[in-house]
Amino acid sequence: MLDYLSKLNEQQYKAATCVDGPLLILAGAGSGKTGTMTHRIAYMIKEKNINPYNILAVTFTNKAAGEMRGRVEDLCGRYPGMWISTFHSSCLRILRKEADKLGYDKNFVVYDTVDQKAVAKAIIKELELDEKIFAPAYILSVISDNKENQISASDFLIKAGSFGPNKTLASCYTMYEEKLKSNNALDFDDLILKTVELFEKFPDVLSAYQNMFKYIMVDEYQDTNMLQYKLIKLLAGSTKNICVVGDDDQCIYEWRGANIQNILSFEVDFPGAKIIKLEQNYRSTGNIINAAHSVIENNKGRKDKKLWTASDDGEKIEYYRADDDKEEARYIAAKINKLKREDPTLSFKDFAILYRTNVQSRRFEECFGSLGLPYQVLSGLRFYDRKEIKDMLCYMRLILNPKDDISLIRVLNEPKRGIGDKSQQNIQTVARLNGWNLLEALGSDVVLDGLSSRARDEAINLVNTIKSLSVEQNNMSVSDLYDTLLFKTGYMKALEDMHTVEADGRVDNILEFKSVIAEKEKECSEADETLTLESFMEGLALVSDIDNHDPDADSVSLMTLHSAKGLEFKVVFMPGMEMGLFPSYRSMDKGDNLEEERRLCYVGMTRAKERLFLSSAELRMLYGKTDFTSESPFLSEIDKKYLTGHAVYDKKKKNISSDRFNPVSKYNGNDSYVSPIAAAYNAKTRASSIVQKATLAGVEVLPGDKVEHEKFGVGTVIKSEDNVLTVVFDGCGTKNLAKDLAPLKKV
DNA sequence: GACATATCTAAAGCC
DNA sequence: TAGATATGTC
């Protein structure tokens with residue numbers, strides 16, 4: 001066996017050396033997937049003498065691509081410009097070369113989610129739509145769905161018919177496409193879509209790329225959507241040297257278009273495909289693996305496979321039911337300190353708290369903050385989506401492309417220039433009437449004369465700043481340009497004058513962004529190049545984030561289950577194991593969605609290497625209301641052999657053995673759960689599920705009855721305004737009444 | 001037009 | 001509860 005391949009196990013070795021023809025690698029959690037893929041690339045280059053530039057390896061995230069590139073470099077050296085990149089950046093690279101064939105200017109801009117939203121809002125205004133019904137996010141999701149399924153605006157218009165909401169949506173879609181086209185912009189979906197169109201319309205272009213990419217690899221295949229699948233199928237062409245790696249059990253992105261069918265039916269689409277399963281897990285203890293398996297095996301639509309591990313059983317998984325969400329946070333904090341005391345080799349960075357929703361982080365931040373426990377939160381907001389960064393990016397885009405109306409609108413009154421809604425509309429009207437872009441309109445006398453004297457001065461200054469920097473951009477460094485922009489637009493001064501904590505934070509971010517630019521310039525000068533604004537922005541177009549998770553910082557990591565995919569920690573906590581929270585109440589109507597939640601649970605559990613702690617809170621405050629909760633059905637799916645824990649009601653008795661463990665939620669066998677809490681959530685929309693009857697220890701209670709809770713004392717049952725049975729406790733506020741709730745007794 | 005106050009609503013987030 | 005947006009006031 002070749003030296004560098006000797007670390008691979010038998011299955012991994014098979015996968016790494018099977019190079020020709022279609023191959024599906026089913027790689028379970030922690031099975032050494034990335035290692036196998038990188039070794040496969042190294043094998044192709046070193047042993048098969050395949051030209052590195054004939055290999056295309058696509059991933060979903062920049063982080064994954066970067067990691068893969070780094071590991072390939074370690075194995076077989078650096079090949080600059082090798083095609084190891086995300087779907088979107090591969091397509092961007094192709095389109096930069098070929099966009100003119102599709103009638104686009106090659107220097108098109110890429111609109112991100114924020115830009116798209118701005119376009120959608122403009123459309124809503126123009127069509128005078130009711131934003132309640134046609135919310136920007138809704139319109140955009142319809143457009144995105146269509147694009148992912150390669151349905152054009154005109155196709156959709158035909159499909160939509162001549163009336164009803166679909167007709168309106170079709171007009172939105174059409175206008176959206178017109179606006180992007182006239183701004184010379186593509187959105188993220190377009191990057192894939194236009195590349196597919198390019199290949200379909202120009203067979204010669206396709207065959208050139210087919211010749212180039214003789215070997216194709218796709219990571220996280222379970223997350224591909226229909227269009228991405230089509231793209232790689234086109235590229236794989238007749239050679240069919242395509243290797244896809246994925247795990248159907250880790251498909252947690254169906255809600256944004258991932259099609260799990262792509263992995264389930266790979267063999268059908270590529271007849272003769274080899275399938276290799278990587279089932280040995282190198283990450284977790286036996287108990288963790290087995291417990292995770294006992295949950296995931298409840299899913300129906302999945303490939304049959306079972307992870308195993310050569311490591312010991314390890315400790316059992318622990319479950320704790322806390323009194324409330326605050327106590328849950330205290331419990332976890334105390335547990336972290338205790339574990340660290342008992343095992344001095346553990347440091348804070350070995351701990352992660354994985355929750356279902358971002359709002360859950362608050363309790364932990366409060367608690368950890370007061371205890372002085374170091375933590376880092378991976379928030380949902382990306383660096384580049386922050387307002388101040390986005391504003392600066394828009395200024396820079398305007399310098400590159402003064403025609404970019406969406407960017408101009410964004411920064412027109414930022415900082416405040418006295419050019420508000422009314423003036424903005426005037427500018428747009430003038431632009432439309434004269435066929436000008438907005439910057440031209442803004443600088444015209446017609447517009448300027450209609451402004452107040454302050455606004456007039458500001459407008460002239462803005463137009464001049466953009467125009468002169470646009471001319472000068474190649475005579476100055478990007479850093480200098482950035483500074484000039486901050487100064488001349490008055491952006492920095494406006495922030496500094498605010499003297500608020502928030503504004504200071506924004507200033508910090510703006511300086512942080514400057515160091516990003518400086519870093520890029522340094523990289524460039526080392527390679528004896530000068531960084532141009534154009535190349536800087538180009539590199540940024542698809543960068544999702546300055547990776548804000550620092551695995552080396554010695555702090556506890558707090559993040560959602562979704563963002564934990566691909567990571568691992570010695571000790572993992574999964575709080576909020578409650579019906580309605582996890583699984584999310586929005587997933588509980590349809591069996592399919594519930595399966596995705598279950599996969600999410602599986603992903604979370606398999607992040608743990610040594611210890612796994614699950615917890616729930618009996619009372620949780622959500623949306624300013626405190627509710628009783630039921631335990632998550634996933635808890636009862638875990639085989640009790642691997643689990644130890646207490647139900648809160650028995651806490652006084654202490655040391656409850658695991659066979660006494662009995663979560664209160666019930667599975668109705670129909671792959672949906674009937675829960676009083678869920679019913680309460682749904683009460684406004686679904687009359688049939690309103691909780692109008694509650695039974696406590698076999699005794700029915702009705703409004704007006706007195707009930708007693710072991711901790712909250714006596715309360716009265718009432719029917720709340722949303723028609724849900726509720727108990728009012730003296731001094732304890734109002735709580736929704738959950739059916740069969742053990743600590744409540746009728747008195 | 002800018003700022004203050006009232007009202008509404010609530011998942012996950014890759015490129 | 002808290003953030004985002006709609007409405008009201010100077």
Side-chain angles (χ1 to χ4, degrees), chain A residues 58-65 85-92 110-117 121 131-132 135-137 141 144 147-148 186-193 219-220 222-225 227-228 251-258 325 354-360 362-363 366 378-382 384-385 387 412-413 415-424 451-452 454-455 458 494 498 502 540-545 547 559-566 576 580-588 593 596-597 599-601 603-604 620-627 681 684:
Chain A
V58 278
T59 62
F60 274 84
T61 65
N62 287 304
K63 198 175 157 199
S85 52
T86 63
F87 266 102
H88 291 86
S89 51
S90 303
C91 288
L92 180 63
V110 179
Y111 274 1
D112 67 15
T113 326
V114 182
D115 305 314
Q116 290 178 286
K117 234 182 169 172
K121 280 194 176 163
E131 213 173 307
K132 289 262 160 51
S141 79
S144 181
K147 289 191 176 182
E148 274 168 13
L186 297 180
D187 64 23
F188 288 134
D189 292 321
D190 283 334
L191 293 179
I192 318 279
L193 179 62
D219 189 17
E220 304 281 9
Q222 74 281 351
D223 289 335
T224 48
N225 63 33
L227 203 59
Q228 289 158 334
C251 176
I252 54 173
Y253 287 113
E254 273 188 319
W255 54 272
R256 65 175 193 215
D325 40 8
L354 311 180
Y355 36 77
R356 178 67 241 261
T357 63
N358 276 310
V359 286
Q360 287 170 263
R362 253 202 65 214
R363 281 276 172 268
E366 287 164 3
L378 223 90
S379 83
L381 189 63
R382 310 180 315 165
Y384 290 101
D385 281 346
K387 182 180 168 357
L412 193 57
N413 203 25
K416 300 277 172 273
R417 297 190 167 89
I419 308 171
D421 257 8
K422 233 176 148 189
S423 309
Q424 187 191 308
L451 293 172
S452 69
R454 179 201 157 204
E458 295 269 18
M498 278 185 217
E502 198 202 345
L540 230 59
L542 296 179
V543 173
S544 58
D545 213 338
D547 198 22
M559 66 184 88
T560 62
L561 288 155
H562 279 92
S563 29
K565 192 162 98 158
L581 188 59
F582 188 35
S584 150
Y585 70 96
R586 294 163 75 141
S587 70
M588 289 165 63
N593 292 347
E596 182 148 317
E597 295 285 304
R599 290 194 290 269
L600 193 55
C601 184
V603 166
R620 178 172 301 274
M621 177 152 79
L622 259 186
Y623 306 141
K625 237 182 166 182
T626 305
D627 279 344
Y681 275 116
K684 279 181 197 143

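Order of the sequence lines fixes the chain letters, A, B, ..., with proteins taken first and strands second; residue numbering starts at 1 for each chain. All values below come from the heavy atoms of this structure, side chains included, with hydrogens, waters and symmetry mates left out.
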*Asks:* Do L561(A) and V603(A) have side chains that get closer than 4.5 Å, going by heavy atoms?
*Replies:* no

*Asks:* Of T357(A) and S423(A), whose closest DNA chain B nucleotide lies nearer the 5' terminus?
*Replies:*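 Checking each residue's closest nucleotide, the 5'-ward one belongs to S423(A).
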
*Asks:* In whole angstrom, give the distance that lies between atom CD of E254(A) and atom C1' of dA11(B).
*Replies:*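 Interatomic distance, CD of E254(A) to C1' of dA11(B): 15 Å.
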
*Asks:* Please identify each residue that fulfils salt bridge (Lys or Arg N to Asp or Glu O under 4.0 Å) with R256(A), with sequence neighbours left out.
*Replies:* none

*Asks:* Are any of N358(A)'s side-chain N or O atoms less than 4.0 Å away from OP1 or OP2 of dA12(B)?
*Replies:*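 For N358(A), the contact criterion (side-chain N or O under 4.0 Å from OP1 or OP2 of dA12(B)) is met.
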
*Asks:* Tell me whether the side-chain N/O atoms of N62(A) come closer than 4.0 Å to OP1 or OP2 in dC14(B).
*Replies:*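 It does not, given that no N or O in the side chain of N62(A) lies less than 4.0 Å from OP1 or OP2 of dC14(B).
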
*Asks:* Check the pair E596(A) / S587(A) against side-chain contact (heavy atoms from CB on, under 4.5 Å), numbers first and verdict last.
*Replies:* CA-CA 8 Å; E596(A) 182 148 317; S587(A) 70; over 6 Å; no

*Asks:* Can you check whether W255(A) stacks with the dA12(B) base, using ring centres under 5.5 Å and planes within 30°?
*Replies:* yes

*Asks:* Which pairs, protein N/O on one side and nucleotides 2-7 of chain B N/O on the other, fall under 3.5 Å?
*Replies:*
residue : atom : partner : partner atom : Å
dA2(B)  : OP1  : G418(A) : N            : 3.1
dA2(B)  : OP2  : N413(A) : ND2          : 3.1

*Asks:* In this structure, how many angstroms lie between the C1' atom of dA11(B) and the CD atom of Q360(A), rounded?
*Replies:*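 So the two atoms are 10 Å apart, to the nearest Å.
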
*Asks:* Between P on dG13(B) and NZ on K63(A), what's the gap in Å once rounded to a whole number?
*Replies:* 13 Å

*Asks:* Tell me, please, which residues at least two apart from D223(A) pass salt bridge (Lys or Arg N to Asp or Glu O under 4.0 Å).
*Replies:*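 If we apply the salt bridge (Lys or Arg N to Asp or Glu O under 4.0 Å) test to D223(A), skipping adjacent residues, the hits are K565(A).
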
*Asks:* Just N and O in the side chain of S584(A): are any of them under 4.0 Å from OP1 or OP2 of dA12(B)?
*Replies:*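 Answer is no, no contact under 4.0 Å.
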
*Asks:* Donor-acceptor pair under 3.5 Å: do we get one between R356(A)'s side chain and the base of dA12(B)?
*Replies:*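 Answer yes: a donor N or O sits under 3.5 Å from an acceptor.
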
*Asks:* Determine the interatomic distance between P on dA4(C) and the same-named atom on dG13(B); round to the nearest Å.
*Replies:* 16 Å

*Asks:* Can you tell me how far C1' of dG13(B) sits from CG of L378(A), to the nearest Å?
*Replies:* 11 Å

*Asks:* What is the distance, rounded to the nearest whole Å, between atom CD of Q228(A) and atom P of dC15(B)?
*Replies:* 12 Å

*Asks:* Answer yes or no: does a side-chain N or O of T560(A) lie under 4.0 Å from OP1 or OP2 of dG13(B)?
*Replies:* yes

*Asks:* For nucleotides 1-4 of chain C, tabulate all protein N/O to nucleotide N/O atom pairs closer than 3.5 Å, reporting atom names and distance.
*Replies:*
residue : atom : partner : partner atom : Å
dT1(C)  : O3'  : R362(A) : NH1          : 3.2
dT1(C)  : O4   : Y623(A) : O            : 3.4
dA2(C)  : OP1  : R362(A) : NH1          : 2.9
dA2(C)  : OP1  : R362(A) : NH2          : 3.1

*Asks:* Quick one: are M559(A) and L354(A) in side-chain contact, heavy atoms under 4.5 Å?
*Replies:* yes

*Asks:* Using OP1 and OP2 only, check whether a side-chain N or O of R256(A) sits under 4.0 Å from dC14(B).
*Replies:*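 It does not, given that no N or O in the side chain of R256(A) lies less than 4.0 Å from OP1 or OP2 of dC14(B).
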
*Asks:* Output the rounded distance in Å from CZ (F60(A)) to C1' (dG13(B)).
*Replies:*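 So the CZ-C1' distance, F60(A) to dG13(B), works out to 13 Å.
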
*Asks:* Expressed in angstrom and rounded to an integer, what is the separation of D189(A) atom CG from dC14(B) atom P?
*Replies:*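 Roughly 15 Å, once rounded to whole Å.
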
*Asks:* Taking atom P of dC14(B) as reference, at what distance in whole Å does atom CD of Q222(A) sit?
*Replies:*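 To the nearest whole Å, that distance equals 16 Å.
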
*Asks:* For the side chain of K121(A), counting heavy atoms from C-beta on, which of dT5(C), dC15(B), dG13(B) is nearest?
*Replies:*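 Among dT5(C), dC15(B), dG13(B), the one nearest the side chain of K121(A) is dT5(C).
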
*Asks:* Please name all residues satisfying side-chain contact (heavy atoms from CB on, under 4.5 Å) with D187(A), sequence neighbours left out, ordered by chain then number.
*Replies:*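 Counting only residues at least two positions away or on another chain, D187(A) forms a side-chain contact (heavy atoms from CB on, under 4.5 Å) with Q116(A), K147(A), Y176(A), L180(A), D189(A), D190(A).
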
*Asks:* Residues two or more places apart in sequence or in another chain: which of them pass salt bridge (Lys or Arg N to Asp or Glu O under 4.0 Å) with E148(A)?
*Replies:*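 So E148(A) forms no salt bridge (Lys or Arg N to Asp or Glu O under 4.0 Å) with any residue.
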
*Asks:* What I'd like to find out is whether the side chain of L600(A) reaches to under 4.5 Å of the side chain of F582(A), using heavy atoms alone.
*Replies:*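 A side-chain contact under 4.5 Å exists here.
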
*Asks:* Is there a side-chain contact between V58(A) and Q228(A) (heavy atoms, below 4.5 Å)?
*Replies:*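 Contact flag for V58(A)/Q228(A) side chains = no.
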
*Asks:* Measuring from atom CG of L92(A) to atom CG of L186(A), what distance do you get when rounded to the nearest 0.5 angstrom?
*Replies:* 8.5 Å

*Asks:* Taking only the side-chain heavy atoms of E597(A) (C-beta and beyond), determine which of dG13(B), dC14(B), dA11(B) contains the nearest atom.
*Replies:* dA11(B)

